[in-house]
Colleague: 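My questions will all concern the structure given below.
Order of listing sets the numbers, starting from 1, for every ligand and every atom in it. Nothing fancy with the numbering, it's 1 onward along the sequence.
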Amino acid sequence: MMSSKNKRVVRMETTLGAEVQLAARARQVLCQNDMGDWTRAAPNLYPHQWSWDSAFIAIGLAHLSIRRAAKELLSLFKHQWRTGKIPHIVFNSEAPSGSYFPGPEHWACAAASPDAPPAPPYTSCLCQPPVHAIAALHIWEVAESTGGEGVDEARAFLREIYPKLLLWHGYLMTHRDPEGSGLVTIYHPWESGTDNSPRWDAALAAVEVGDLPPYPRYDLRHVANPSERPTDADYDRYIWLVKLIKRAACDEATIYSTHPFLVKDVLFSAILVAANEALLQLAQVIDAPDRDRNIIAGWIERGRGGLEACWDSHRQLCLDYNVRTGKPVRARTVAGFAPLISGGLSSERLEKLLQTFDSSDFAGNPKLRWPLPPSTGSSERTFDSHSYWRGPVWPVANWLLWWSLVRVGEFERAAQIRQASLDQITQGGFAEYFDPFSGVPLGSIDQSWTAAVALDWLAARKLQSVNMDAA
Ligand code: DGY
C-alpha cells in the first residue's frame, strides 16, 4: 500500500505535470495570436490590438521573453495621442475585411483630429483601463527575479516607457477628470472594457439614438450563440455614441459639454490608482525627478478620495456615478470591488468587501461551478449567466482580484482564486468568459489575455506557496 507521504508526492507530481501542460498550451495560444511586435486579442473575434488586452498580455509574456513583453507595450504606445491618450484599438491593416465592426474605415475620421497620431494604422479615439504601468512594473520585477541580461533590457524599456506612461495618466487625471474628483469619466461603455454590464443600462437607456445606417454584427459570427454578446439595441447605442464622438471631432471639451453618456467608472478609476502606485515605483527605478513623484503621489491620494465617496454601505460595494444625472449607479457588479484594487483601504472596509465577495451574490453562491465571482451579482434582476458582462466569470477580472488580494495580504483567498481559475481554464480552455454555473466556455476561444493570466498564475506558484507558509 502507498504511504500517505508517497500519495502526496504523486499528487504533487500530477499537479505539476498538468501545470506544465497548461503552460505549454497557453504559450501556444500567445504564439498563434502573435503579430511580431504585438498580439491579436483573439484570432477571429478581435483581430486588432486592444489597449488593456495588450497590458495583460505583456504580464504573461514577461514569463516567456522580457524583450517581447516590452515590445507589446511599446508598440501600443507608439500610437499615443498628443493629449496622452492611449487608444483602445490600434487597427491591424492585415485583418481580413469584414472581420470586425466598427473597423478602421469607421474610425478613419478620428485621424483628422489634431491630437491623433500619424495614420495608418488607424486608431479608435476611445481608451480603456490603464493596466499598462502595472504591466511595465511586472516586466521589471520578472526581469529582476530572473537576473542576467534581461535586467538591463528591462531598465532601458522602463526609461523609454516611463514618460509615455506619465503622459497617459496625466491625460486621465485632467481631461477625464476636469472636476478633480479623483474619478475617471468614460464616454462609452467600450471604455470600461465591461461593455454590456448592467452598470451602463440606465445611462444607455437615456441615449436617444438618431438615424443610423444599417451595420453588420460580425461579432456574432464568432460565438456559439448570439446570447453571449450584447444585444442589437445595445449595439445601436454603442454605434450612435461613436457617431457623436466623431461629430465632436474627438475634442475632449466638446464631448464633455455635449455628450449624453458621461459616467465616473469606479473600476477604471481604481485601476488608475493601482497603476499610479506602479508608476511611482517605476519613477524610483529610473530615478525620475521628485517633481514627478509628488504629482503621482497626489494622483493616488485624489483617486482614493474619489473612490471613498462612491462607497455604498448598503450594498457594501463601490458604485459608479452618472455625471449627467448626478446619481450613483445602483448595480451589484464585480466592479464594486474597486477599493480592493486601488488598495490603501482600512481593515474595516476590507472586511466588508470580503463579506460581499463571500456572499451568495458572488463567490459564495453554492451553485457555482467554481468559487469565482460572476461579473454581475447573481441576485441582480439583470443577471444573465450567458451574456458577456451580465453574469459570466472572466479570468482576467479574477486575475485583477487575485493580484489585489495578494497586495492586501489575503493570501489564502488569493490562492483559492488562482486554483479555481486554473481548474476552470484547464477544463474549458482559454475562453474569453465562462458560465458561472455550468462552467461552459463562452465568447471567443483562444483569447490572448486568458492565456497570459494563466501563464502568470502558473509562474506565481512558488510565490504563492512562500506567502502561504509565512501567513
Ligand atoms: C468589442 O468589439 O466587443 C469591444 O469590446 C469594443 O472594444
Side-chain angles (χ1 to χ4, degrees), residues 33 38-57 76 79 85-92 95-107 110 121-132 186-200 204 215-246 250 261 263 265 267-268 271 333-335 375-376 384 386-390 392 394-397 431-433 442-450:
N33 294 338
W38 62 275
T39 313
R40 281 174 297 171
N44 302 312
L45 183 51
Y46 307 112
H48 306 287
Q49 183 175 30
W50 262 263
S51 167
W52 76 324
D53 291 67
S54 259
F56 284 110
I57 290 166
L76 174 72
H79 308 284
K85 176 171 61 190
I86 297 300
H88 102 290
I89 304 178
V90 178
F91 290 101
N92 166 19
S97 70
S99 54
Y100 177 82
F101 183 84
E105 343 52 70
H106 201 83
W107 289 102
Y122 293 106
T123 74
S124 86
C125 69
L126 301 175
C127 61
Q128 274 184 330
V131 184
H132 317 89
I186 58 164
Y187 303 154
H188 196 295
W190 286 344
E191 296 204 303
S192 70
T194 64
D195 306 4
N196 71 338
S197 168
R199 301 161 73 193
W200 319 124
L204 277 181
Y215 59 88
R217 287 290 308 270
Y218 297 136
D219 58 318
L220 300 181
R221 291 184 191 164
H222 306 301
V223 290
N225 191 317
S227 67
E228 295 169 27
R229 293 286 301 173
T231 62
D232 285 350
D234 290 328
Y235 253 79
D236 282 352
R237 287 180 165 73
Y238 298 158
I239 302 303
W240 181 250
L241 289 176
V242 168
K243 188 164 176 161
L244 295 182
I245 292 168
K246 291 198 300 187
C250 307
F261 185 100
V263 185
D265 176 338
L267 178 60
F268 197 128
I271 291 175
T333 73
V334 78
S375 45
T376 293
D384 178 338
H386 259 62
S387 174
Y388 216 39
W389 286 94
R390 299 179 88 80
W394 286 69
V396 74
E432 195 181 1
Y433 42 97
L442 302 168
S444 171
I445 54 155
D446 292 348
Q447 184 84 9
S448 298
W449 69 7
T450 306

Colleague: Any heavy atom of Tyr238 closer to ligand 1 than 4.0 angstrom?
Modeller: no

Colleague: Give the numbers and elements of all ligand 1 atoms closer than 4.0 Å to a heavy atom of Tyr388.
Modeller: 3 (O), 5 (O)

Colleague: Any N or O on Gln128 sitting closer than 3.5 Å to an N or O of ligand 1?
Modeller: no

Colleague: Pick one of side chain, backbone, both or neither for how Trp52 approaches ligand 1, counting any non-hydrogen atom pair under 4.0 Å.
Modeller: neither

Colleague: Give me the residue, atom name and distance of the protein heavy atom closest to atom 2 (O) of ligand 1.
Modeller: Tyr100 OH, 2.6 Å

Colleague: Under 3.5 Å, side chain of Glu228 to main-chain N/O of Leu442, donor-acceptor pair present?
Modeller: no

Colleague: Decide whether a cation-pi geometry holds between Arg229 and Tyr388; the criteria are a distance under 6.0 Å from NZ or CZ to the six-membered ring centre and an angle within 45° of the ring axis.
Modeller: yes

Colleague: Does Asp195 have a non-hydrogen atom less than 4.0 Å from ligand 1?
Modeller: yes

Colleague: What atoms of ligand 1 come closer than 4.0 angstrom to any heavy atom of Trp190?
Modeller: 6 (C)

Colleague: Listed by chain and number, what are the ring pair (Phe, Tyr, Trp, His ring centres under 6.0 Å) partners of Trp190, not counting sequence neighbours?
Modeller: His188, Tyr238

Colleague: Does the side chain of Ser54 pick up a donor-acceptor pair with the side chain of His132 at under 3.5 Å?
Modeller: no

Colleague: Give a yes or no answer on whether the side chain of Asn33 reaches the backbone of Ala42 with a donor-acceptor pair at less than 3.5 Å.
Modeller: no

Colleague: For Trp389, state whether at least one heavy atom is located under 4.0 Å from any atom of ligand 1.
Modeller: no

Colleague: Under a 3.5 Å distance rule, please check whether Tyr100 uses its side chain to pair with a backbone N or O of Phe91 as donor and acceptor.
Modeller: no

Colleague: Determine whether the aromatic ring centres of residues Phe56 and Trp394 are separated by less than 6.0 angstrom.
Modeller: no

Colleague: To which protein heavy atom is atom 3 (O) of ligand 1 closest, and what is the distance rounded to 0.1 Å?
Modeller: Arg229 NH2, 2.8 Å

Colleague: If you have a sec, work out which protein heavy atom is nearest atom 7 (O) of ligand 1 and how many Å separate them, to one decimal?
Modeller: His88 NE2, 2.8 Å

